[in-house]
A.B. asks: 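I'd like to ask some things about the structure below.
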Amino acid sequence: MVSLQYGEWGEEIAACAAAGAPVHRFEESERDYDETAALVCALDCVVSVCTAVVHLAGALGARALVLVPYTAEWRYGAEGERMLWYPSVRLFRQPRPLDWRPVFEDLVAAVGHAA
């Protein structure tokens, strides 16, 4: 796994490593958006919540899987699993507020199917 997260995230990364899921970090991609773009292009897939990285991946045509809250921002539309302007981005929507279980189940199935 590769982290595209910026800011204070050391505890989360340490917890992942302790759970047997090491996460690689490329500091230059945190400081330079061109480096972030290059890293996104080098990955098989980006998994994210609704952030700028989703739009970067979509604009680059990179495969992205996005966890979308029940009440999504207008950019993500009101329904469906696609963003109109980013065909490489697939949305996984909450069916009810605060209910992430089906979202993660669908995401795991999609990632497993693509492997």
A.B. asks: R90 and R82: side chain to side chain contact (heavy atoms under 4.5 Å, CB included), yes or no, with the steps?
C.D. replies: CA-CA 5 Å; R90 181 171 173 199; R82 296 288 177 198; 3.6 Å; yes
A.B. asks: Are more than 12 heavy atoms, taken from residues, nucleotides or ligands other than D99, located less than 6.0 Å from that residue's CG atom?
C.D. replies: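 For D99, atom CG is crowded (more than 12 foreign heavy atoms under 6.0 Å).
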A.B. asks: Keeping Q94 on the side-chain end and P69 on the backbone end, is there a donor-acceptor pair under 3.5 Å?
C.D. replies: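 Flag not set: sc Q94 to bb P69 has no pair under 3.5 Å.
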A.B. asks: What residue among V53, L107, V54 forms side-chain contact (heavy atoms from CB on, under 4.5 Å) with V47?
C.D. replies: L107
A.B. asks: Run the side chain to side chain contact (heavy atoms under 4.5 Å, CB included) check on L4 and L43 step by step: do they pass?
C.D. replies: CA-CA 11 Å; L4 295 171; L43 300 174; 4.1 Å; yes
A.B. asks: Is it possible for you to say whether L91 and W85 belong to one hydrophobic cluster, with membership spreading through side-chain heavy-atom contacts below 4.5 Å?
C.D. replies: yes
A.B. asks: Can any side-chain N or O of R93 pair as donor or acceptor with the backbone N or O of E79 at less than 3.5 Å?
C.D. replies: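 Yes; at least one donor-acceptor contact below 3.5 Å.
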A.B. asks: Is it true that atom OH of Y70 has more than 12 heavy atoms of other residues, nucleotides or ligands lying nearer than 6.0 Å?
C.D. replies: no
A.B. asks: Going by heavy atoms in the side chains, are L67 and S48 under 4.5 Å from each other?
C.D. replies: no
A.B. asks: Would you name the heavy atoms of A110 and R63 that are closest together and state the gap between them?
C.D. replies: O-NH2, 4.0 Å
A.B. asks: Taking a hydrophobic cluster as the set of Ile, Leu, Val, Met, Phe, Trp and Tyr residues connected by side-chain heavy atoms closer than 4.5 Å, whether directly or through intermediates, do Y76 and Y86 fall within one such cluster?
C.D. replies: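 Hydrophobic grouping puts Y76 with Y86.
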A.B. asks: Are R75 and H55 side-chain neighbours, meaning at least one heavy-atom pair lies under 4.5 Å?
C.D. replies: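 Of all side-chain heavy-atom pairs linking H55 with R75, at least one is under 4.5 Å.
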A.B. asks: Given I13 and S3, is the side chain to side chain contact (heavy atoms under 4.5 Å, CB included) satisfied, shown in steps?
C.D. replies: CA-CA 8 Å; I13 299 302; S3 174; 4.3 Å; yes
A.B. asks: Between S88 (side chain) and A62 (backbone), is there a donor-acceptor pair under 3.5 Å?
C.D. replies: yes
A.B. asks: Sort out for me which residue in V111, V46, V89 forms a side-chain contact (heavy atoms from CB on, under 4.5 Å) with L65.
C.D. replies: V111
A.B. asks: As a quick check of understanding, evaluate side chain to side chain contact (heavy atoms under 4.5 Å, CB included) for V66 and F92, giving each step before the final call.
C.D. replies: CA-CA 6 Å; V66 185; F92 294 82; 5.9 Å; no
A.B. asks: If hydrophobic clusters are built by linking Ile, Leu, Val, Met, Phe, Trp and Tyr wherever their side-chain heavy atoms come under 4.5 Å apart, do V40 and V2 end up in the same one?
C.D. replies: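 Yes; tracing contacts between hydrophobic side chains, which count when under 4.5 Å, links both residues.
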A.B. asks: Would you say L56 and V49 are hydrophobically clustered, going by side-chain heavy atoms of ILVMFWY under 4.5 Å?
C.D. replies: no
